[in-house]
Amino acid sequence: MKIFNPATGGLIKEVHETTPAAIHAAWTRAKSAQPVWNSKTLEERLTVIRRYHDLLDRDSDLLAEDLSLEVGKPLQESKNEVQGARGRIRFFLEQASKWLQPQPVRTDGNTREELSLDPLGIIANISAWNYPYHVGVNVYVPALISGNAVLYKPSEFATLTGLHIARLLHEAGVPEDVFVPVIGDRVAGEALLDLPLDGYFFTGSYRTGKHIAERVASKLVPVGLELGGKDPLYVTDEVDDLKKIAGAVAEGCFYNNGQSCCAVERVYVHERIYDGFMKEFESEVRALKVGNPMEPGIQQGSLTRPAHLEFLEAQISDALGKGAKLLCGGRRLPGPGAYYEPTVVVNADHSMRIMTEESFGPVIGVMKVRDDEEAISLMQDCQYGLTAAVYSRNETRGRGILGRIDTGTSYLNCCDRVSPYLPWAGRKHSGLGTTLSWLGILSFVRPRGWHLRTP
Ligand code: NAD
């Protein structure tokens, strides 16, 4: 498989894909290796993961550089991601013992009742490219801590990162047959779906997630899906510092080139502050520095998938054809890399694809709204339910609005953030199941009830 640099179009490296036969053989070996891994104490497994956490820091410069080379994100964002993933690992190290211990529940006559948690067994983790360290850690770290073996398929757009993850986990002490990198595209993914695995954990698009859920349904094993979003943000008329808010909203829209599952994808602004807000927002967006992701100071690098340029162009021309206006941007930039200007479209409405279909790029549609009722009805008019944000100094009003949006995450006066302490659980087409938080630790275990009597 050839790995290209999307910022230059140049070939970075060629790697061997994992064939379906090799994937099958890895599963066979994992069947013997997983019980041995599970027979270690929880503390022993935590020690291995603690070592992995330290190795990520030791190699962070190399990891960040390879991530930027293969996905085109600014080097500083790649460094932030490696350190952010370490923060998530610290959460799991700190919390796992609390949630995974067996619990005595009650004594009933001469019967002691206990609850314990077994690993699922051998799971597949089919992953995405936009934050490969973050979305990977959400799955394979709690899965390994709780005694599972993992067949890990990084995205074909983040293969170097996937190989680094496997190398460092192995160096930390995870046996090679307990964490197996599966290299390739959908063909390798399909080979995982063919196996009788004990769980399927996927991060990626709704389309692929739905396909996977349907393909494995008859196996009756847990399926976790972290899918896309079309996340709305509403700026009410009870706000003070428009410049500060505009800066935060621009970052929420354009960080990682808009290629974040929880990127702000559509903005609604109360008519009373619309003109003032848009003036600040436009100047924030125009100030974004686009260019070679390896250069310092660049805020927006190359898109990861060059073919996505055409998709974005089609969304913009659909909007303009239906009466929207370009406030700024709207063009791909010249050169070999996949660069697209940060783009804002105003006078948008929900007949346009830019307001209803995940863009996953540096384009944003904006609508003026009369009041909260109109904002709520537009925010709710969506097939996705990952996150929603409201800006208001009136917390009662902000929480009231957010409480009426069907979404797994609600942001008041912030956006586009993830905390390992809180559940990450998309609703509707944004997903199924939970990662992160204590609930996300329990996604990788099955409960067992013990009825214990002395004869
Ligand atoms: P994708 O669906 O194209 O691919 C995801 C993974 O699935 C890749 O590893 C790919 O090789 C594999 N795959 C593709 N077809 C397959 C098949 N038929 N069988 C098995 N595996 C298959 O998604 P992507 O482009 O990598 O990621 C972008 C999407 O991911 C966006 O929609 C984004 O919002 C979403 N995402 C969601 C979250 C979240 O936490 N909710 C996080 C990151 C990304």
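The figures here come from the full heavy-atom set of this structure, side chains too, leaving out hydrogens, waters and symmetry mates.
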**Q** Is the shortest heavy-atom distance from the side chain of F201 to the side chain of V150 under 4.5 Å?
**A**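 Of all side-chain heavy-atom pairs linking V150 with F201, none is under 4.5 Å.
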**Q** Any side-chain donor paired with an acceptor under 3.5 Å for E70 and T159?
**A**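 No, no side-chain donor-acceptor contact under 3.5 Å.
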**Q** Taking the six-membered ring of W27 as reference, does the NZ or CZ atom of R29 fall below 6.0 Å from its centre and within a 45° cone about the axis?
**A** no
**Q** Any donor-acceptor pair under 3.5 Å linking the side-chain atoms of H308 with those of E313?
**A**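 Looking only at side-chain atoms, H308 and E313 do not form any donor-acceptor pair under 3.5 Å.
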**Q** Testing the 3.5 Å rule here: is there a donor-acceptor pair between the side chains of W424 and T409?
**A** no
**Q** Test side-chain contact (heavy atoms from CB on, under 4.5 Å) on L151 and L195 and set out the steps.
**A** CA-CA 11 Å; L151 305 183; L195 291 173; 4.0 Å; yes
**Q** Using distance alone, with no hydrogens and no angle criterion, decide if Y411 and Y391 have a side-chain donor and acceptor under 3.5 Å apart.
**A**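 Result is no, nothing qualifies.
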**Q** Under 3.5 Å, is there a donor-acceptor pair linking the side chains of N413 and E395?
**A** no
**Q** Would a distance-only check, ignoring hydrogens and angles, find a side-chain to backbone donor-acceptor pair under 3.5 Å from S302 to P6?
**A** yes
**Q** Please walk me through it: do S68 and D66 pass side chain to side chain donor-acceptor pair (under 3.5 Å)?
**A** CA-CA 5 Å; S68 282; D66 274 357; over 6 Å; no
**Q** Within the side chain of S443, is there an N or O that forms a donor-acceptor pair under 3.5 Å with the backbone of T434?
**A**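 Indeed, once roles are kept as given, a pair shorter than 3.5 Å links the two residues.
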**Q** For the pair L168 and L63, evaluate side-chain contact (heavy atoms from CB on, under 4.5 Å) and give the outcome as yes or no after the intermediate values.
**A** CA-CA 11 Å; L168 293 178; L63 304 181; 3.9 Å; yes
**Q** Closest approach of G209 and L227, non-hydrogen atoms and distance?
**A**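 Answer, listing the atom of G209 first, then L227: CA-CD2, 3.9 Å.
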**Q** Measure from NZ or CZ of K219 to the centre of the six-membered ring of Y200, then state whether that distance is under 6.0 Å and the direction lies within 45° of the axis.
**A** no
**Q** Look up atom CG in L442 and atom OG in S146, then write down how far apart they are to the nearest 0.5 Å.
**A** 9.0 Å
**Q** Considering all heavy atoms of both residues, which atom of I405 and which atom of A388 are nearest to each other, and what is their separation?
**A** CG2-CB, 3.9 Å
**Q** Can you tell me how far apart OG1 (T203) and CG (L225) are? Round to the nearest 0.5 Å.
**A**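 Going from the OG1 atom of T203 to the CG atom of L225 covers 9.0 Å.
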**Q** What I'd like to find out is whether the side chain of L378 reaches to under 4.5 Å of the side chain of P232, using heavy atoms alone.
**A** no
**Q** Side chains of S430 and K230: do they bring a donor and an acceptor to under 3.5 Å?
**A** no
**Q** Tell me yes or no: between the side chains of N80 and S78, is some donor less than 3.5 Å from an acceptor?
**A**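 S78 and N80 do not have a side-chain donor-acceptor pair below 3.5 Å.
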**Q** Hey, what do you get for NE2 (H451) to CD (E114), rounding to the nearest 0.5 Å?
**A** 11.0 Å
**Q** Are any side-chain N or O atoms of T407 and backbone N or O atoms of L386, one a donor and one an acceptor, separated by less than 3.5 Å?
**A** yes
**Q** Would the distance check show the side chain of Q300 and the main-chain N or O of Y340 forming a donor-acceptor pair, the cut-off being under 3.5 Å?
**A**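 Side chain of Q300 to backbone of Y340, a donor-acceptor pair under 3.5 Å: yes, one is there.
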**Q** Nearest 0.5 Å please: distance from the CD1 atom of I401 over to the CG atom of N394.
**A** 8.5 Å
**Q** Taking the side chain from R45 and the backbone from K40, do they hold a donor-acceptor pair closer than 3.5 Å?
**A**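 Indeed, once roles are kept as given, a pair shorter than 3.5 Å links the two residues.
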**Q** Would you say the side chains of S127 and S155 form a donor-acceptor pair under 3.5 Å?
**A**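 Short answer, no.
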**Q** Does the pair D118/R446 count as a salt bridge with the N-to-O cut at 4.0 Å?
**A** no
**Q** What closest approach, in Å, do V366 and M355 show between heavy atoms, and which atom pair accounts for it?
**A** N-SD, 4.4 Å
**Q** With the threshold set at 4.0 Å, does a side-chain nitrogen-carboxylate oxygen contact exist between E171 and R51?
**A**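 Between R51 and E171 there is no salt bridge, as every charged N stays at least 4.0 Å from the carboxylate O atoms.
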**Q** Determine, using ring centers only, whether W99 and F444 are less than 6.0 Å apart.
**A** no
**Q** Considering only NZ, NE, NH1 and NH2 on the basic side and carboxylate oxygens on the acidic side, decide whether R266 and D231 come within less than 4.0 Å.
**A** no
**Q** Would you say I3 and E14 make side-chain contact, with heavy atoms under 4.5 Å?
**A**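 The answer is no; the side chains never approach within 4.5 Å.
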**Q** Verify the ring-centre separation between Y268 and Y234: is it less than 6.0 angstrom?
**A** no
**Q** Are H164 and D59 close enough that a side-chain donor and a side-chain acceptor fall under 3.5 Å?
**A**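 Distance-only check fails for H164 and D59.
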**Q** Ignoring hydrogens, what is the shortest heavy-atom contact between I49 and L169? Give both atom names and the distance.
**A** CD1-CD2, 4.3 Å
**Q** If you define the side chain from C-beta out and look only at heavy atoms, does anything of N138 sit under 4.5 Å from E226?
**A**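 Contact flag for N138/E226 side chains = yes.
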**Q** Between E81 and K73, does a salt bridge (charged side-chain N to carboxylate O under 4.0 Å, His left out) hold up when you go through it step by step?
**A** CA-CA 10 Å; E81 185 180 337; K73 73 169 77 181; 2.6 Å; yes
**Q** For F4, what residues pass the ring pair (Phe, Tyr, Trp, His ring centres under 6.0 Å) criterion, not counting sequence neighbours?
**A** none
**Q** Starting from the C-alpha separation in whole Å, work towards a yes-or-no answer on side-chain contact (heavy atoms from CB on, under 4.5 Å) for V105 and R112.
**A** CA-CA 8 Å; V105 179; R112 282 174 294 121; over 6 Å; no
**Q** Cut-off 3.5 Å, side chains only: do Y52 and R50 have a donor facing an acceptor?
**A** no
**Q** Run the side-chain contact (heavy atoms from CB on, under 4.5 Å) check on F360 and L312 step by step: do they pass?
**A** CA-CA 9 Å; F360 222 57; L312 296 177; over 6 Å; no
**Q** So N148 and I122, do their side chains get closer than 4.5 Å, heavy atoms only?
**A**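 No; the side chains remain at least 4.5 Å from each other.
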**Q** Which atom names give the shortest non-hydrogen contact between A248 and C415, and what distance separates them?
**A**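 Taking A248 first and C415 second, the nearest heavy atoms are O-SG, 3.8 Å.
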**Q** Classify the side-chain pair Y421/E94 by whether it contains a donor and acceptor separated by less than 3.5 Å.
**A**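 Yes, side-chain donor-acceptor contact under 3.5 Å.
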**Q** Does a donor on one side chain and an acceptor on the other come within less than 3.5 Å for R453 and T111?
**A**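 Short answer, yes.
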**Q** Under 4.0 Å between a side-chain nitrogen and a carboxylate oxygen: does that hold for K289 and E295?
**A**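 Salt bridge: no.
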**Q** Check side chain to side chain contact (heavy atoms under 4.5 Å, CB included) between K428 and all other residues, then give those that pass, not counting sequence neighbours.
**A**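 Applying side chain to side chain contact (heavy atoms under 4.5 Å, CB included) to K428 gives Q380, D406.
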**Q** Looking at side-chain heavy atoms only, is the closest gap between T343 and P362 below 4.5 Å?
**A**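 T343 does not reach P362 side chain to side chain.
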**Q** Quick check against the 3.5 Å criterion: does H429 have a side-chain atom that pairs as donor or acceptor with the backbone of R207?
**A** no
**Q** Checking N5 side chain against A7 main chain: does a donor-acceptor pair fall under 3.5 Å?
**A** yes
**Q** According to side chain to side chain contact (heavy atoms under 4.5 Å, CB included), who are the partners of E284, at least two apart in sequence or on a separate chain?
**A** K243, A246, A250
**Q** Donor-acceptor pair, distance only, cut-off 3.5 Å: does the side chain of W37 make one with the backbone of L144?
**A** yes
**Q** Taking E265 for the side chain and S359 for the main chain, is one N or O donor matched with an acceptor at less than 3.5 Å?
**A** yes
**Q** Short question: side chain of N125, backbone of Y152 - any donor-acceptor pair under 3.5 Å?
**A**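 No; judged by distance alone, with no hydrogens or angles, the pair does not exist.
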**Q** With rounding to the nearest 0.5 Å, note down the distance linking CD1 in I145 to CD in Q95.
**A** 11.0 Å
**Q** For V137 versus P142, what's the shortest heavy-atom pair and its separation?
**A**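 Closest pair (atom of V137, atom of P142, distance): O-CD, 3.3 Å.
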**Q** Between K153 and E156, does the salt bridge (charged side-chain N to carboxylate O under 4.0 Å, His left out) criterion hold? Intermediate values first, please.
**A** CA-CA 8 Å; K153 197 194 93 53; E156 59 272 36; 3.7 Å; yes
**Q** Answer with yes or no whether the side chains of Q315 and E357 bring together a donor and an acceptor at under 3.5 Å.
**A**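 Looking only at side-chain atoms, Q315 and E357 do form a donor-acceptor pair, the distance falling under 3.5 Å.
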